[in-house]
Novice: 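The structure under discussion is supplied below as structure tokens; questions concerning it will follow.
Numbered from 1 within each chain, the chains take letters A, B, ... in sequence-line order.
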2 protein chains.
Amino acid sequence: MTAPAIRTGRAGPEGGSRRLILDMAARLLRSGGYHQTSLREIAEAVGIRKASLYHHFASKEELVEAVVNDGVRFVDEAVAAALAAAAQAGPRQRLEAAIAAHLAALHGHGDYTSAAIKVFTFGSGPVPESVRLSRRLYEDVWRGLLAELREAGGIAPGRSPEALRLFLLGALNGSIDWYRPERFDIAALSREFAALVAPNGVDAAK
Amino acid sequence: MTAPAIRTGRAGPEGGSRRLILDMAARLLRSGGYHQTSLREIAEAVGIRKASLYHHFASKEELVEAVVNDGVRFVDEAVAAALAAAAQAGPRQRLEAAIAAHLAALHGHGDYTSAAIKVFTFGSGPVPESVRLSRRLYEDVWRGLLAELREAGGIAPGRSPEALRLFLLGALNGSIDWYRPERFDIAALSREFAALVAPNGVDAAK
DNA sequence: ATCCCCCTACCGTCCGGTAGGTAGTTGAGA
DNA sequence: TCTCAACTACCTACCGGACGGTAGGGGGAT
């Protein structure tokens, strides 16, 4: 046996019930945050009883932690993929691609990333170590991107790259509050945001 | 009788107990948000029983609404005062002064403004009408400021003023997450912020 | 005498979490 | 091939505690 997958007893021949729980939890966390979202709500959305959740997760905090880590992972992978696809472009276009990928992860179909932002931005409680780690790794992507842009001369000389990063991520995540798909276009927004960070078009480099 | 002030029975010769409740509520809301902050906590911080809060406010929502409205009012007044003091300056310096006033209101001694941001940013529940109104009025200050800057030629021609405003306010409020008084200087941050929005120094106008 | 401010005591509801049981599925051994 | 223990996934029922909110009383100031 090559252990094809984890077998399940009840939920169909496929064992996707953990993912289903995470999906519903992400949706509810996205719109309600940590304290407004109860395990009963999540269980009801999944179609099981609250106690059954404890078969998959040891506590509410562990469930939420799983959702949040997935959310950070998703946006991280999306941005990494966008940067890989734009490997040949200049740093300014790479910045714009990364911004677009971040916005798409926030406002696309998945609820994970926005749930992650909602739960741990303006954070109330202590942040779990695993979340802190994955967030820091994601921040490093932006640090690297801005350093690259700076070396290429795409940032005005006086600006602090760290302040720039904090501004940019804050503004990007703040879009949760005002972004509506019918009123804004992610590509156009990305162009606006990138133009703010790197005003002069430095993209001659191949 | 010229009605010098509201009289109180118990809380000293001055009737400041409503303000005290609001102060403590603001402090707790700032660090815990709406759902994590309980009326018992607030009452305990004030030094009274939970039921006594209902002598001053009809419900938790009404109490929070009062805190939030004060928070928006404070930052509004602070920014208006800063703009009045910089009435003779150019639009670029006026922008920087407004940014500094906003940051000072967020991170200064009062907890009201950060409580307001915390409660109604990434908002879960419906926003009361009074809060929506005062927030819209405050947003108009920035709309006017950016329009003024645009007319003076301080904004790059392609940029959308509305996107600029959303970016700026989002980045400003996001500073709640990372600002530490010992690590950042509000004046320096304001210069960074203003330089992003209006990169070229347009301030020749008197 | 009245009013203001705060009190004690209590309400129903919901919370996260636990105890213990019951089907369906699996794989090994006779 | 049949049996059976082990395991998985889920269930009902319950726990103590915290929540927002209410009822009604007391005591000091005017």
Novice: Roughly, in whole Å, what's the span from CD1 in A:Ile48 to P in D:dC10?
Specialist: 6 Å
Novice: Is a side-chain N or O of B:Ser175 found less than 3.5 angstrom from the main chain of B:Leu172, in a donor-acceptor match?
Specialist: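 Checking the backbone N and O of B:Leu172 against the side chain of B:Ser175, a donor-acceptor pair under 3.5 Å is found.
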Novice: Decide, yes or no, whether a salt bridge links B:Glu139 with B:Arg135 under the criterion of side-chain N to carboxylate O below 4.0 Å.
Specialist: no
Novice: Side-chain N or O of B:Ser52 versus OP1/OP2 of C:dC5: is the shortest distance under 4.0 Å?
Specialist: no
Novice: Would a line drawn from the ring center of A:Phe193 to the ring center of A:His102 be shorter than 6.0 Å?
Specialist: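 A:Phe193 vs A:His102: aromatic centres not under 6.0 Å.
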Novice: May I have the distance from A:Arg49 (atom CZ) to D:dT8 (atom P), rounded to whole angstrom?
Specialist: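 So the two atoms are 23 Å apart, to the nearest Å.
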Novice: Give me the ring orientation class for A:Phe74 and A:Tyr112: parallel if the planes are under 30° apart, tilted from 30 to 60°, perpendicular past 60°.
Specialist: perpendicular
Novice: Kindly state which residues belonging to residues 25-46 of chain B come within less than 4.0 angstrom of DNA chain D, counting heavy atoms of the residue only, listed by number.
Specialist: B:Thr37, B:Ser38, B:Leu39, B:Arg40
Novice: Between C:dC5 and B:Ser17, is there an OP1 or OP2 to side-chain N/O distance shorter than 4.0 Å?
Specialist: no
Novice: Spell out, as yes or no, whether a donor-acceptor pair under 3.5 Å connects the side chain of A:Asp177 to the backbone of B:Phe122.
Specialist: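 Yes, A:Asp177 side chain to B:Phe122 backbone: donor-acceptor pair under 3.5 Å.
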Novice: Heavy-atom contacts under 4.0 Å between residues 54-63 of chain B and DNA chain C, which residues?
Specialist: B:His55, B:His56
Novice: Expressed as a whole number of angstroms, how long is the span from B:Leu53:CG to C:dC7:C1'?
Specialist: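 That distance rounds to 13 Å.
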Novice: Would you say the side-chain atoms of A:His107 and A:Ser114 include a donor-acceptor pair closer than 3.5 Å?
Specialist: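 No, A:Ser114 and A:His107 have no side-chain donor paired with an acceptor closer than 3.5 Å.
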Novice: Enumerate the side-chain hydrogen bond (donor to acceptor under 3.5 Å, both in side chains) contacts for residues 56-84 of chain B, please, sequence neighbours excluded, ordered by first and then second residue.
Specialist: B:Arg19-B:Asp70, B:Glu65-B:Ser130, B:Asn69-B:Ser130, B:Asn69-B:Ser134, B:Asp70-B:Arg73, B:Arg73-B:Glu77
Novice: Side chain of B:Thr113, backbone of B:Leu106: donor and acceptor closer than 3.5 Å?
Specialist: no
